[in-house]
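Both ligands and their constituent atoms are indexed starting at 1 by order of listing.
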Amino acid sequence: MSLQEHVTAVFTEKYGTTPSLVVQAPGRVNLIGEHTDYNDGFVLPMAIDRGIWLALRPRDDDQVSVHSLDFGVTAVFHLNDLQHTKSGWGEYIKGVAWALQEAGYTLHGWEGVMAGNVPKGAGLSSSAALELATARAFQQVSRFAWDAAQMAKLSQKAENKWVGVNCGIMDQMISAAGEADHALLIDCRSLETQLVPLPPALDGSGTAVVILDTTTRRGLVDSAYNERRQQCEAAAAHFGVPALRDVSISEFLAEADNLDPVTRRRAKHVITENLRTLNAAKAMQNADADLLGQLMNESHISMRDDFEITNNELNIMVAVAQTQRGCFGARMTGGGFGGCAVALVHEGVVDGFVTAVAQQYQQQTGLSPKIYVCQPSAGAAVVAHN
Ligand code: ADP
Ligand code: MG
């Protein structure tokens, strides 16, 4: 049974009637453009075919009641009396209600049943999926127009200000605005977006995006993240610009000798990563899987040697993936110091790729990876209406 069928069946049993509608919002993976977001640069994520499904019906009052099948708990709150409770998944739902009301939307209550299949805390943004599914639910029962960028910004505000997690705009933007078969180039300064198709292989076959979870997690390295941000800010200040986005490669090369070696490497990563990301979007438009893969490989080297955010397991995973037949390219994805890599693979050899990578990674690290073959998918949507 699909998750959509599951939430529908449980809703029907619980309330004795079919749900008025089912909404869904996806998780995501970033194909290229890492640590560029806070430098006002470019990112290129795609929504994946894993997400949160929510079967619901409107209520006549201001109560919101959501039963989570994954946690076996029901969260209940009133729109006219939003209170922080001990942290948990319900706070994301409440946070979206708070941000929408703060922005002036008049909201109606609803009740529903929810389930998801984005692994939690693996860097595939289950939290954005939860926020955008919630935003879709409110948009439907409260009958206002769906503005993907606005819903993304308010969901980010919910996560920043209500939940208290300091994330950028990428996750919410792709979960709100993704399209099937496409990735989304996002300009993190202007928030302009451009859809680009996943390129086919040269023989006309499709390509698959494979997420390779090392199962290592970053642990207590917020300090390393803050340090990277500070180094980038210092580099931008050296060039007298608001962000590294504003430094061209020729300006960087002309000035590189006057930067200390660490700042030079950090700036080099961000400046070249922005170029790679723009080139990757062009390669996708030109249906050039080889070039996209090559840019992914170069991105990994830059994160390993210049930005220094990979760990041993990520380097092993990427090396193992890159040596497989039918792999166009691979790189670590996400914040770094653990988590996932992403590979672009010829569709015809995916099964063999998954088996070989799992086996060789396990051999070299002693760890069992988690591997997800993903399709580029649509953003938050109503998937059933009764
Ligand atoms: P991620 O990298 O997956 O976004 P986060 O820590 O940002 O990790 O968000 C994970 C949190 O999102 C979970 O702890 C939970 O509160 C919420 N969440 C994710 N998936 C679900 C789900 N299927 N049902 C309820 N809550 C969920
Ligand atoms: Mg998250």
Side-chain angles (χ1 to χ4, degrees), residues 2-4 6-7 10-11 22-30 34 37-38 43 45-56 64-77 84-97 99 111-137 152 155-176 178 211-222 225 332-342 370 372 374 380:
S2 71
L3 279 186
Q4 181 176 334
H6 192 198
V7 293
V10 175
F11 183 101
V22 182
V23 296
Q24 190 265 1
R28 64 94 185 94
V29 63
N30 192 22
E34 224 63 75
D37 56 348
Y38 55 82
V43 294
M46 76 172 211
I48 60 175
D49 50 339
R50 289 173 169 268
I52 302 265
W53 279 258
L54 180 50
L56 67 138
V64 174
S65 168
V66 191
H67 182 71
S68 162
L69 289 176
D70 301 302
F71 287 91
V73 179
T74 304
V76 180
F77 61 88
H84 281 277
T85 45
K86 65 175 171 40
S87 65
W89 59 273
E91 293 305 291
Y92 291 88
I93 296 175
K94 229 183 273 172
V96 170
E111 56 202 0
V113 174
M114 181 176 84
N117 58 4
V118 185
K120 300 173 195 68
L124 303 182
S125 214
S126 64
S127 59
L130 175 53
E131 289 150 12
L132 270 301
T134 302
R136 255 300 181 197
S155 293
Q156 182 202 11
K157 181 175 174 185
E159 185 152 345
N160 291 166
K161 301 263 164 68
W162 188 274
V163 182
V165 175
N166 200 5
C167 57
I169 188 67
M170 167 167 71
D171 302 354
Q172 288 79 13
M173 197 65 146
I174 181 63
S175 186
I211 298 170
L212 306 160
D213 187 349
T214 62
T215 72
T216 62
R217 293 291 178 261
R218 63 167 150 170
L220 298 171
V221 291
D222 279 355
Y225 175 83
M332 68 140 261
T333 182
F337 307 102
C340 296
V342 60
K370 293 216 159 50
Y372 310 98
C374 292

Report the part of [X] in contact with ligand 1, treating N, CA, C, O as backbone and CB onward as side chain, heavy atoms under 4.0 Å; options are side chain, backbone, both, neither.
X: A129; result: neither
X: N117; result: neither
X: M114; result: side chain

Considering non-hydrogen atoms of the protein only, which is the closest contact for [atom], and what is the distance?
atom: atom 21 (C) of ligand 1; result: K120 CE, 3.6 Å
atom: atom 11 (C) of ligand 1; result: Y92 OH, 3.8 Å
atom: atom 2 (O) of ligand 1; result: G123 N, 3.3 Å
atom: atom 9 (O) of ligand 1; result: S127 CB, 3.4 Å

May I ask whether L130 places a heavy atom under 4.0 Å from ligand 1? yes
Are the side chain of [X] and the backbone of [Y] linked by a donor-acceptor contact shorter than 3.5 Å?
X: R28; Y: P45; result: no
X: Q156; Y: C167; result: yes
X: T333; Y: N30; result: yes
X: T214; Y: G339; result: yes
X: N117; Y: G51; result: yes
X: D37; Y: V43; result: no

In Å, rounded to the nearest 0.5 Å, how long is the span from [atom1] of [X] to [atom2] of [Y]?
X: K370; Y: I211; atom1: NZ; atom2: CD1; result: 14.0 Å
X: S125; Y: Q172; atom1: OG; atom2: CD; result: 6.0 Å
X: K161; Y: N166; atom1: NZ; atom2: CG; result: 9.5 Å

Would a 4.5 Å heavy-atom cut-off, applied to side chains only, mark Y372 and C340 as touching? no
Can you check whether G121 has an N/O within less than 3.5 Å of an N/O in ligand 1?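 Checking ligand 1 against G121, an N or O pair does fall under 3.5 Å apart.
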Mark up the atoms of ligand 1 that fall under 4.0 Å of a heavy atom belonging to [X], in ascending order.
X: P119; answer: 3 (O)
X: W89; answer: 15 (C), 16 (O), 25 (C), 26 (N)
X: I52; answer: 20 (N), 21 (C), 22 (C), 23 (N)
X: D70; answer: 22 (C), 23 (N), 24 (N)
X: G116; answer: 23 (N)

Going by heavy-atom distance to atom 19 (C) of ligand 1, choose the closest among G27, S68, S126.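 Going through G27, S68, S126 one by one, S126 has the nearest heavy atom to atom 19 (C) of ligand 1.
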Specify whether an N/O/S atom of S127 falls short of 2.8 Å from the Mg ion (ligand 2).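 For S127, the answer is yes, given that an N, O or S atom comes within less than 2.8 Å of the Mg ion (ligand 2).
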Taking the six-membered ring for Trp, are F71 and W89 parallel (under 30°), tilted (30 to 60°) or perpendicular (over 60°)? parallel
Would a 4.0 Å cut-off, counted as strictly less than, catch a protein heavy atom around atom 23 (N) of ligand 1?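 Under 4.0 Å from atom 23 (N) of ligand 1, at least one protein heavy atom found.
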